[in-house]
> 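Take a look at the following structure, please.
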Amino acid sequence: MQGTVYRETHEDVWRTLERHEATVQDHFARIGVRAIVDPLEGYAFLKTIAPGPDEDPLPRLVKRRALTYPVSLLLLLLRKRLAEFEAAGGEGKLVLEREQILEMLRLFLADSTNETRVLQQVDQSISAVAKLGFLQELGRQRGGGAWEVRRILKAYVDAETMSDFAGKLGEYANGKETEGDGDDD
Amino acid sequence: MNIDDISALRDQHPAWRLLRATSAPLMLSFLGQHFVEQNEGATPASRLIDALDEHLYLIRGGDDGLYRRGPQAYLDDWADPERGWLRKFYPVDSDEVHYDATPAVEKAYRFVEDLQRRSFVGTESRLHTLIDLLRQIVHGSEADPETRIAELERRRAEIDAQIEAVREGRSELLDETSVRDRYQLFSATARELLSDFREVEENFRSLDRSARERIAGWDGSKGALLDELVVSRTDIAVSDQGRSFQAFYDFLLSGQRQAELAELVASVQKIPAVQVDRRLRFIHHDWADAAERTQQTVRNLSEQLRRFLEEQAWLENRRVLDLIRTVEQTAIRVRADPPTHLGVEIDEPGLAIALPFERPLYNPQPETRVDSLISPEDEETADAEALFAQRFVDAARLAENIRAIVPPQSTADLIDIVELYPVEEGIAEILGYLALRDEDLEIRLDDGDQASIDYTDADGRPRRATLPRVTVTRR
């Protein structure tokens, strides 16, 4: 299970995982990794365990990566759509068309006279998120590309991650404002 | 209903708006046919588009002026949430968008169908049904055993009288009119039942939605929330709708009932007075299909609701939405000058683990000893014959053979060539011919045909080689 395992697409691995979860956990615990298995949503992935206070930290196996600003925004917006979709009792998969994603993100991107640049930026962000496995392109429908927002996004972009980001962004914004005309508030 | 209610319905109810739409005839003829008459459930987009395409082709009948848009455009239009005639969604197990008719389509279709004048409207059977219903209500809710027994005895007396009448040969058969009357009622009710399922399903969906709304907007304590959750969880199943549907479903699932129903329908349709409605022949299968779909919806809904109710996910979702709101506001403030080195830090999905078992194991090779020293005793004369006995097929000679026989710009069979220049060096020579690479010669193999070449091998034994027919062309 090097990547994320889904019940739908990795049937064999999933079954094995269900049967031997305890053994698998023990195995990974030795190398400082925990298998997160979510039987409700049907996915499983590996996560580094934070070392205890009196433990020597093991080498980090799961790489942490800082994402660019637009990609981060996109992730957050997708996360929001997922929460809204669930709250509204949406059925099946949450699927967004490229146009919808574009509209969603455009509001937060600098107005540019160069429309193609904005489009390019959005497309790049989409493919970056797809590479992380949170968006999956669906078989080309008649009339344009559609992306499924995978639920595993919830496990990765959690409240903690987001509050970090919100804090940093707030600092940045405040810094900007005092830099300009500070008597704004 | 006062005039305001009615105006509101006219403006807002999808069924009424459907009837007022310009494309209503197209919509009703197509969607009615597909979803109502054929009792189809959610249908993948590609299938529906093909069906609509065909339908449009038949309607246009060569006149391109009619309904000019493409099937996809129509479906998109009808599925627009503003209109609410088709439900568009991605099921969990499919990557293709699916469409399903909404109850509005059923309603509008039924209304239009009712507008058609019926040549005969049975009223007697309805009266009987109504009285029967009244009886069920009154006696079914009677708690006093004395009264119930009295009623049951009365019914027994009635049945006894009927038995007596049959014995004496003076029982009355239903006349043709009565049969038609009843059949009509049966047929209408049976079809209505089918169309009701869609509405039942829709109602379940709205129950689910309201449960979620209540949960999402919850501000009370944790304990109260849990209470609420437990209530919501069972809401769907214990609603009037849920119970009635469950009872129906149980009834339908009983094999005995199914068989009885099928038998009854079949024998009714044998009665000559009845104008057979073919669609009713297997109506119970259609019921079962529709009920199964509804059942599936309920299952999905409660499964999803369960997920949604997972306490942690719920709290997390609320927190997440709050955080996103903050981020959104800030992001708009800094929109003109977005940060360049600021971003979410997340774990990279996936882990580069190489399992030890995935590596190939070390595979020890048998020891090889190289001994290049020729031992001195080996001085007896080596058999040099072997060296000279090696054969060498001279390609130039073979090419010459061909050139001697085949004039330029013509073709010959290899067999004819070896007949004049017999094979001297066995199979190697034949292969030599095939491998000729001279510029002016072209060797072609024809797999469709076989040829055999006789030759004698090195030991003087006659041999025969069988190979595809070979032709040689000189340019």
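Below, all heavy atoms of this structure are taken into account, side chains as well, without hydrogens, waters or symmetry copies. In what follows, chains are A, B, ... by sequence order, proteins preceding strands, each numbered from 1.
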> Is atom CZ of A:Arg34 surrounded by more than 12 heavy atoms (other residues, nucleotides or ligands) closer than 6.0 Å?
no
> Heavy-atom cut-off 4.5 Å, strictly under: side chain, backbone, both or neither for A:Leu94 against chain B?
neither
> For A:Leu73 and B:Val327, run side chain to side chain contact (heavy atoms under 4.5 Å, CB included): C-alpha distance rounded to whole Å, both residues' side-chain angles, the deciding distance at 0.1 Å, then the answer.
CA-CA 8 Å; A:Leu73 267 186; B:Val327 170; 4.1 Å; yes
> For B:Gln246, is the CD atom crowded, meaning more than 12 foreign heavy atoms sit under 6.0 Å from it?
yes
> Apply ring pair (Phe, Tyr, Trp, His ring centres under 6.0 Å) to B:His55 and list each qualifying residue two or more places apart in sequence or on a separate chain.
B:Phe30
> Within a 6.0 Å radius of atom CD on A:Gln25, are there more than 12 heavy atoms belonging to other residues, nucleotides or ligands?
yes
> Report the residues that fulfil ring pair (Phe, Tyr, Trp, His ring centres under 6.0 Å) with A:Phe108, sequence neighbours left out, ordered by chain and then residue number.
none
> Do B:Val320 and A:Lys80 make a side-chain contact, defined as non-hydrogen atoms from C-beta onward lying under 4.5 Å apart?
no
> For residues A:Met162 and B:Leu323, report the shortest heavy-atom separation together with the two atoms involved.
CB-CD1, 3.9 Å
> If you measure from CD on B:Glu328 to CG on A:Leu77, what distance do you get to the nearest 0.5 Å?
5.5 Å
> Count the heavy-atom pairs under 4.5 Å between each of B:Arg335, B:His98, B:Arg205 and chain A, then report the option with the highest count.
B:Arg335
> How many angstroms lie between atom CZ of A:Phe165 and atom OG1 of B:Thr326, to the nearest 0.5 angstrom?
11.5 Å
> Do you know the tightest heavy-atom contact between B:Thr330 and A:Gly170?
CG2-CA, 4.0 Å
> For A:Ser163, is it the side chain, the backbone, both, or neither that has a heavy atom closer than 4.5 Å to a heavy atom of chain B?
both
> Under 4.5 Å, heavy atom to heavy atom, which residues of residues 126-136 of chain A contact chain B?
A:Leu132, A:Phe134
> Could you work out, with ring pair (Phe, Tyr, Trp, His ring centres under 6.0 Å) as the rule, every residue matching A:Tyr43, not counting sequence neighbours?
none
> Looking at every heavy atom in both B:Asp95 and A:Lys93, which two are closest together, and how far apart are they?
OD1-NZ, 2.6 Å
> Does A:Asp26 have more than 12 heavy atoms from other residues, nucleotides or ligands lying within 6.0 Å of its CG?
yes
> Is atom CD of B:Glu54 surrounded by more than 12 heavy atoms (other residues, nucleotides or ligands) closer than 6.0 Å?
no
> With rounding to the nearest 0.5 Å, note down the distance linking CD in B:Gln329 to CG in A:Leu169.
11.0 Å
> Examine whether an atom of B:Arg87 lies under 4.5 Å from a heavy atom of chain A, and if so say whether it belongs to the side chain, the backbone or both; otherwise answer neither.
side chain
> Given heavy-atom pairs under 4.5 angstrom as the criterion, report whether the side chain, backbone, both or neither of B:Ile332 touches chain A.
both
